[in-house]
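Quantities reported herein were computed from a predicted structural model and do not represent experimental measurements. In the text below, chain A, chain B and the rest are named by the order of the sequence lines, each starting its count at 1.
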Amino acid sequence: MSTAKNININLKIWRQKNANDKGGIVDYKLDNVSTASSFLEMLDQLNEQLINNKQEPVAFDHDCREGICGMCSLYINGRAHGPETGTTTCQLHMRKFKDGDTIYIEPFRSKAFPVVKDLVVDRSSFDRIQQAGGFVSVNTSGNTIDANATPVPKDDADKAFMAAACIGCGACVATCKNGSAMLFVGAKVSQYALLPQGKVEAAQRVQNMVRQMDEEGFGNCTNTGACEIECPKGISLENIARMNREFLKASL
Amino acid sequence: MAKSALLKSSIAKKYWMALTGLFLCLFLAGHLAGNLQLLVPNNALNFNQYALFMTTNPAVKVLSYLTYISILFHAIDGFLLTYQNAKARPIGYAKSNPSANSSFSSRNMALLGTIVLVFIVTHMVNFWAKMHFDKNMPLMTQSIEGQPGMKQDFYVGTQAGQYYPVEQVEIGTHTDEHNHAPKQFKLVKKTELYHAQANVKVADLYKDLYKITLAFFRDAKYGLYFTIGYVLAMFALGFHLWHGFQSAFQSLGLNSPKYTPIIKFIGKAFAVIVPLLFAIIPLYIHFTK
Ligand code: HEM
Ligand code: SF4
Ligand code: FES
């Protein structure tokens with residue numbers, strides 16, 4: 001038995017032609033939205049309506065639509081990835097909304113995430129941070145050691161795995177009042193620093209990644225804790241503390 | 001500016017913020033312990049002894065310079081952080097719901113800190129500067145009943161048993177020398193008591209900060225406003241610490257499932273108790289005049 005029903009909603013969506021356009025909020029009405037549809041399917045439905053009316057569809061990011069790739073974004077009714085905690089926008093469903101609701105949809109806002117078009121932002125600043133140190137250098141000369149040959153304490157492995165769950169979506173930046181990327185960088189630093197393979201380059205890694213983070217124009221963490229609550233993957237603030245410790249160790 | 005060595009990286013700034021903030025928490029605890037003596041009625045001697053100790057003891061001097069530096073550094077670093085953070089999001093959201101994921105205190109540290117800074121500056125003008133620089137700072141006297149029904153005012157020296165009749169001490173320039181018999185003592189350099197004829201130092205006198213403090217909060221015209229202002233500033237301090245205390249440990253990288261709940265509990269207790277005790281003092285002084 002399905003409990004799905006159809007609702008009519010009002011949308012207030014950020015429209016911006018390109019990076020240089022000023023942009024602004026545009027109102028739309030969308031009727032007969034199934035509460036069983038996902039948030040992105042609702043946007044697909046809106047875009048069909050727009051295309052049928054010979055209007056420009058709303059550009060938004062998405063890829064896997066199953067909560068694992070980190071490509072979807074959106075600031076929905078004042079919250080990154082919408083009102084539900086522990087979910088990406090693609091995993092948010094319209095049953096969370098009521099008939100007649102007004103829903104604000106805005107792009108993730110940060111100096112380091114410039115808007116490309118409408119709701120699409122350029123998150124390549126995250127890629128550059130990752131390239132600055134978020135890896136383990138491996139000699140691929142044919143004598144590569146099997147990863148499982150190095151014993152890792154279970155507790156460390158669990159913590160590293162939890163940090164590695166970060167999908168790089170940028171919700172932490174979007175929700176932070178300071179536009180800080182420290183939860184993301186903390187997760188990436190921790191994921192390697194906890195493992196024997198990553199310890200070797202731990203000092204340069206944290207310094208290079210933090211320097212890149214600062215250069216990209218992200219803000220400074222003031223420990224409001226908003227990122228931890230909005231992160232779809234439940235990345236903990238402990239990772240920021242670990243990054244700070246690693247940074248101090250590397251700087252002394 | 002942001003590129004200077006100590007302020008270079010975002011995380012270095014966080015460390016400085018946390019270290020200076022926690023040092024200021026220690027300062028608050030010490031300052032409070034001294035101030036609480038104002039709650040004991042007629043406690044001029046003890047309080048002025050404490051004030052003298054705080055302005056002259058070398059170890060305390062080192063601590064007080066550290067405190068001045070901490071306040072300055074904390075405030076400058078805090079403003080710098082706030083300015084950079086504002087720049088990190090040039091275009092804001094049309095709709096945002098910050099209370100869904102963060103506390104009021106954590107989002108208003110700069111505002112709360114600024115209120116505390118304004119308070120610190122006025123507080124220093126009203127008490128600290130008077131104690132250090134005011135030429136007209138009164139000296140402590142005690143009224144002692146020598147014979148029954150015959151009270152006399154004495155200046156009190158810093159050594160035990162040093163009492164000097166007020167009318168025997170010459171203060172300032174002697175303009176009425178010809179009209180009166182020469183006095184036995186004279187005052188030099190604000191607090192040093194000299195024997196007038198022999199010109200030798202006999203005692204150090206206490207500055208009467210106790211009297212200044214009571215008069216300040218009991219002032220007929222402004223006492224109530226000073227009291228209210230003080231209490232409001234303590235609210236701001238309380239909210240600043242509500243977030244700040246535990247935040248400093250996180251900044252220093254000290255976060256563990258075992259200790260963080262304890263640190264958070266202590267931080268909240270500190271944020272309530274310390275500003276509350278500070279605020280009770282002017283309220284007590286004002287309403288018991
Ligand atoms: C007795 C006075 C003060 C005490 C005890 C105090 C204490 C603290 C503590 C413990 C923190 C947390 C540090 C951290 O999160 O790492 C903090 C943060 C902060 N304080 Fe103060 N503070 C005081 C005065 C001030 C003043 C005068 C300002 C001036 C504007 C100020 C501005 C800030 C700001 C902006 C933050 C947030 C920055 C951040 O979290 O990184 N504070 N304070
Ligand atoms: S820490 Fe969480 S919110 Fe931030 S990028 Fe990673 S998954 Fe997204
Ligand atoms: S589209 Fe892949 S996580 Fe949402």
- Message: So which residue, Ser256(B), Pro90(B), Ala94(B), ends up with the most heavy-atom pairs under 4.5 Å with chain A?
- Response: Ala94(B)
- Message: Under a 4.5 Å cutoff for heavy-atom pairs, which residue among Ala18(B), Ala88(B), Gly244(B), Gly92(B) has the most contacts with chain A?
- Response: Ala88(B)
- Residues of residues 174-185 of chain A with a heavy atom under 4.5 Å from any heavy atom of chain B, in residue-number order, are Ala174(A), Thr175(A), Cys176(A), Lys177(A), Asn178(A), Gly179(A), Met182(A)
- Item | Proximity of residues 88-107 of chain A to chain B, residues having a non-hydrogen atom under 4.5 angstrom | Tyr104(A), Glu106(A), Pro107(A)
- Query: What part of Tyr93(B) lies closer than 4.5 angstrom to a heavy atom of chain A: side chain, backbone, both or neither?
  - Reply: both
Do other residues, nucleotides or ligands put more than 12 heavy atoms under 6.0 Å from the [atom1] atom of [X]?
X	atom1	answer
Phe217(B)	CZ	yes
Lys29(A)	NZ	yes
Phe161(A)	CZ	no
Lys61(B)	NZ	no

Verify, without hydrogens or angle tests, whether [X] (side chain) and [Y] (backbone) share a donor-acceptor contact under 3.5 angstrom.
X	Y	value
Asn244(A)	Ser251(B)	yes
Lys14(B)	Cys221(A)	yes
Asn85(B)	Gly219(A)	no
Asn223(A)	Ser247(B)	yes

For [X] versus [Y], what's the shortest heavy-atom pair and its separation?
X	Y	result
Ile91(B)	Arg109(A)	O-CD, 3.2 Å
Arg89(B)	Val173(A)	NH2-O, 2.7 Å
Asn255(B)	Ala241(A)	CB-CB, 3.5 Å

- By number, which residues in residues 98-129 of chain B have some heavy atom less than 4.5 Å away from chain A? Ala100(B), Asn101(B), Ser102(B), Ser106(B), Arg107(B)
- chain A-proximal positions within residues 261-285 of chain B [heavy-atom distance under 4.5 Å]: none
Which one wins on heavy-atom pair count under 4.5 Å against chain B: [options]?
options	value
Gly217(A), Gly23(A), Ala112(A), Ala226(A)	Ala226(A)
Ile240(A), Val115(A), Ile229(A)	Ile229(A)
Glu246(A), Arg211(A), Met243(A), Arg245(A)	Arg245(A)

Please classify the contact between [X] and chain B as side chain, backbone, both or neither, with a heavy-atom cut-off of under 4.5 Å.
X	value
Phe218(A)	backbone
Arg79(A)	side chain
Leu237(A)	both
Asn77(A)	both

- Query: Looking at CG of Asn220(A) and CG of Asp77(B), how far apart are the two atoms once the value is rounded to the nearest 0.5 Å?
  - Reply: 8.5 Å
- Message: Distance check, rounded to the nearest 0.5 Å: Ile11(B) atom CD1 versus Leu248(A) atom CG?
- Response: 9.5 Å
